[in-house]
Number of protein chains: 2
Amino acid sequence: MRPYSLVLEQLRSAGLRPTRQRLALAKLLFDGDDRHVTAELLHGEALQNGIRVSLATVYNTLHQFTTVGLLSEIVVDSQRSYFDTNISRHHHFYFENSGRLEDICGEDIIVTQMPTLPSGTSLNRVDVVVRVNDAA
Amino acid sequence: MRPYSLVLEQLRSAGLRPTRQRLALAKLLFDGDDRHVTAELLHGEALQNGIRVSLATVYNTLHQFTTVGLLSEIVVDSQRSYFDTNISRHHHFYFENSGRLEDICGEDIIVTQMPTLPSGTSLNRVDVVVRVNDAA
DNA sequence: GTGATTGCAAATCTTTTGCACTAAA
DNA sequence: TTTAGTGCAAAAGATTTGCAATCAC
């Protein structure tokens, strides 16, 4: 996790103006432990904390932060986008029942053999999702 | 890939009536090489082949086939669902640019170390997605 | 000031649903 | 017949977009 104090300069260097909304959302996201959020969730949280921001702006901000490298996007559900404040190489547990995500640190999962990439392509990243069910 | 001829009995044993629509979609899906489809794609293909079927029925059918074990659902894009006629244990290349999927057979990727499952959960499955970009 | 950013509401896209109609058993 | 399955159109949910108002520089 990067300290919240670094966010401001990170925004500047990416050419993103540190607006009230971006700073407030950054505080929610980065001022504490690593977390996984959806746009809807972050928006609700912002409102609860008295931050006036529209859902559209939350979407924009999440994508901008992702582009800039402050967040990474995780695909585990074909219906909803999750964003992760942990941008180091790692993988995820996905609790199918609750929709909750949990990090698996990089060393706890090891992919030894890898296939040759299709010709004319370059590797973007390898995602491992361990799907679990909460035992009844 | 299972031969198309097995589909009928597979439907019966699952208690699904072999209707005109289901059989036609099954033919498109299983009468040939393994494939990856979206609902929209399969629907378009059905129409092109003169099969009258509604998009809603295509969605229903894809999910029913998945429940019955004739298809497996792949999550690689948080905006769209993909279904795979290959139901053996395997993983995928995902071409971010084109949205295309390609199978990686089970032996070509090996996950050696696995984390302990969170207590009170049972493993559903492990998905590995190798995301590649078509080199410019 | 000027251009980036925001909010809102409308639009879009994928998927699901309600319900009358049709077809399989 | 009886019950499952289908089509359609409407609804739902997530996300994006257009545009006028607002804010950072």
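Chain letters run A, B, ... following the sequence lines, proteins first, then strands; residues in each count from 1. Basis for what follows: all heavy atoms, side chains included, without hydrogens, waters or symmetry-related copies.
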(request) For the pair Asp84(B) and Asp103(B), evaluate side chain to side chain contact (heavy atoms under 4.5 Å, CB included) and give the outcome as yes or no after the intermediate values. (result) CA-CA 9 Å; Asp84(B) 192 347; Asp103(B) 282 355; 3.3 Å; yes
(request) Please identify each residue that fulfils side chain to side chain contact (heavy atoms under 4.5 Å, CB included) with Thr67(A), with sequence neighbours left out. (result) none
(message) Within a 6.0 Å radius of atom CZ on Arg100(B), are there more than 12 heavy atoms belonging to other residues, nucleotides or ligands?
(response) yes
(request) Return the value, rounded to whole Å, for the distance between atom CG of Asn60(B) and atom P of dG7(D). (result) 10 Å
(request) Check Phe95(B) against Asp134(B) and note the closest heavy-atom contact, atom names and distance. (result) CD2-OD1, 3.5 Å
(request) Verify the contact: side-chain N or O of Gln21(B) to OP1 or OP2 of dT6(D), cut-off strictly under 4.0 Å; return yes or no. (result) yes
(message) It should be established whether Tyr59(A) places a side-chain nitrogen or oxygen under 4.0 Å from OP1 or OP2 of nucleotide dT16(D).
(response) no
(request) May I ask you to say whether Arg35(A) pairs ionically with Glu45(A), meaning some side-chain N is under 4.0 Å from a carboxylate O? (result) yes
(request) Output yes when a side-chain donor or acceptor of Ser78(A) lies under 3.5 Å from a complementary backbone atom of Ser78(B), and no otherwise. (result) no
(message) How many whole angstroms separate atom CG of Leu23(B) from atom P of dT6(D)?
(response) 10 Å
(message) Looking at Val53(B), is its backbone amide N or carbonyl O close enough to the side chain of Thr57(B) to form a donor-acceptor pair, meaning the two atoms are under 3.5 Å apart?
(response) no
(request) Note down the inter-axis angle between the two ends of the helix from dG1(C)-dC25(D) to dA25(C)-dT1(D), five pairs each, to the nearest 10°. (result) 30°
(request) Have a look at Ser78(A) and say if it touches a base, only the backbone sugar-phosphate, or nothing, with a 4.0 Å heavy-atom cut-off. (result) nothing
(request) Answer yes or no: is there a side-chain heavy-atom contact under 4.5 Å between Asp127(B) and Val75(B)? (result) no
(message) Checking Arg22(A) against Arg20(A) for the side chain to side chain contact (heavy atoms under 4.5 Å, CB included) test, could you report, in this order, the C-alpha distance in whole Å, the side-chain angles of both residues, the deciding distance, and whether it holds?
(response) CA-CA 6 Å; Arg22(A) 284 183 185 143; Arg20(A) 176 175 63 75; over 6 Å; no
(request) At the 4.0 Å heavy-atom cut-off to chain B, mark where contacts on DNA chain C begin and end, going 5' to 3'. (result) dT14(C) to dA25(C)
(message) At 4.0 Å (heavy atoms only), tell me whether Thr38(A) reaches a base, stays on the sugar-phosphate, or touches nothing.
(response) nothing
(request) Going 5' to 3' through nucleotides 19-25 of chain D, assign each nucleotide B (protein heavy atom under 4.0 Å from a base atom), S (under 4.0 Å only from sugar-phosphate atoms) or - (no protein heavy atom that close). (result) -----BS
(request) List in chain and number order the residues that pass side chain to side chain contact (heavy atoms under 4.5 Å, CB included) with Glu40(B), two or more places apart in sequence or in another chain; answer none if no residue qualifies. (result) Thr38(B), Leu55(B)
(request) Report, as yes or no, whether the 6.0 Å neighbourhood of atom CZ on Arg89(B) holds more than 12 heavy atoms from other residues, nucleotides or ligands. (result) no
(request) For the pair Tyr82(B) (side chain) and Ala39(B) (backbone), establish whether a donor and an acceptor sit closer than 3.5 Å, ignoring hydrogens and angles. (result) no
(message) Measure CZ/Arg22(B) against C1'/dG7(D) and give the value in whole Å, please.
(response) 14 Å
(request) On the 0 to 90° scale, with breaks at 30° and 60°, tag the His90(B)-His92(B) ring pair as parallel, tilted or perpendicular. (result) perpendicular
(request) Pull out every residue in residues 43-56 of chain B that has a heavy atom closer than 4.0 Å to any atom of DNA chain C, ordered by number, or say none. (result) Leu55(B), Ala56(B)
